[in-house]
K.L.:
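Once you've had a glance at the structure underneath, I'll fire off some questions.
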Amino acid sequence: MSQQRINTIALVVADYDDAIEFYTQYLGFKLVEDTPQGHKRWVVVAPPGGGAQLLLAQASNDIQRQFVGDQTGGRVFLFLETDDFWADYERMKAKGVAFSETPREEPYGTVAVFEDLYGNRWDLLQPTQAD
């Protein structure tokens with residue numbers, strides 16, 4: 001059987017430049033690509049440790065604009081895994097990232113829910129190390 005993986009996830013945003021600023025300056029992602037494509041742009045950002053990338057897709061009509069910030073009906077949408085929860089948590093808080101709860105220890109790791117600039121909910125998660 002062939003090997004498959006999810007490489008890129010489309011995230012509907014209100015504005016390319018605002019989204020680029022948030023993901024690069026607030027979350028520390030890198031800008032992988034920003035290529036004009038007529039009236040659209042192909043904008044990809046990725047966390048510094050690799051994994052899936054985000055395609056920042058600017059909403060282009062009223063239907064798409066309705067889903068900006070609510071792509072999953074209020075559930076956590078994406079999980080940002082880290083190997084240093086507290087350093088990332090403090091850095092993100094200092095930048096003004098909105099956490100909707102205090103960090104907590106769960107059997108699977110240290111976790112806290114935060115929101116991106118549009119209100120999409122994310123988990124910042126440091127998994128528990130297996131013995």
K.L.:
Heavy-atom distance under 4.5 Å between the side chains of Leu27 and Met92, does that happen here?
P.N.:
yes
K.L.:
Ring-plane angle category for Trp86 and Tyr89, please: parallel below 30°, perpendicular beyond 60°, tilted otherwise.
P.N.:
perpendicular
K.L.:
Which atoms form the tightest heavy-atom contact between Ala112 and Phe99, and what is the distance?
P.N.:
CB-CD2, 3.8 Å
K.L.:
Tell me, do Leu80 and Pro47 make a side-chain contact under 4.5 Å, heavy atoms counted?
P.N.:
yes
K.L.:
Pick one: which of Glu105, Arg104, Gln126 meets side chain to side chain donor-acceptor pair (under 3.5 Å) with Thr110?
P.N.:
Glu105
K.L.:
Taking all atoms of both residues into account, what is the closest heavy-atom pair of Asp70 and Asn120, and its distance?
P.N.:
N-OD1, 3.4 Å
K.L.:
Quick check: is Leu54 connected to Trp42 through a chain of hydrophobic side chains (ILVMFWY, heavy atoms under 4.5 Å apart)?
P.N.:
no
K.L.:
Hydrogens and angles aside, do Asp116 and Tyr23 bring a side-chain donor and acceptor to less than 3.5 Å of each other?
P.N.:
yes
K.L.:
Any side-chain to backbone donor/acceptor pair from Gln71 onto Val12? Under 3.5 Å, distance only.
P.N.:
yes
K.L.:
What closest approach, in Å, do Pro48 and Gly28 show between heavy atoms, and which atom pair accounts for it?
P.N.:
CD-O, 3.6 Å
K.L.:
Would you find more than 12 non-hydrogen atoms of other residues, nucleotides or ligands less than 6.0 Å from Asp84 atom CG?
P.N.:
yes
K.L.:
Can you find a side-chain donor-acceptor pair between Gln53 and Asn7 that sits under 3.5 Å?
P.N.:
yes
K.L.:
With hydrophobic residues grouped by side-chain heavy-atom distances under 4.5 Å, do Val97 and Phe79 end up in a single group?
P.N.:
no
K.L.:
I'd like to know if Val76 and Val68 are part of one continuous hydrophobic network [Ile/Leu/Val/Met/Phe/Trp/Tyr, side-chain heavy atoms within less than 4.5 Å].
P.N.:
no
K.L.:
Under 4.5 Å between any side-chain heavy atoms of Val43 and Glu33, yes or no?
P.N.:
no
K.L.:
Is any NZ, NE, NH1 or NH2 atom of the basic residue among Asp88 and Lys93 found under 4.0 Å from an Asp or Glu carboxylate oxygen of the other?
P.N.:
no
K.L.:
Side-chain heavy atoms under 4.5 angstrom apart, residues restricted to Ile, Leu, Val, Met, Phe, Trp, Tyr: same cluster for Leu124 and Trp122?
P.N.:
yes
K.L.:
Between Asp17 and Asp15, which heavy-atom pair has the shortest distance, and what is it?
P.N.:
N-OD2, 3.1 Å
K.L.:
In the structure I gave you, are the side-chain heavy atoms of Arg41 and Thr35 within less than 4.5 Å of one another anywhere?
P.N.:
no
K.L.:
Is it possible for you to say whether Tyr118 and Phe67 belong to one hydrophobic cluster, with membership spreading through side-chain heavy-atom contacts below 4.5 Å?
P.N.:
no
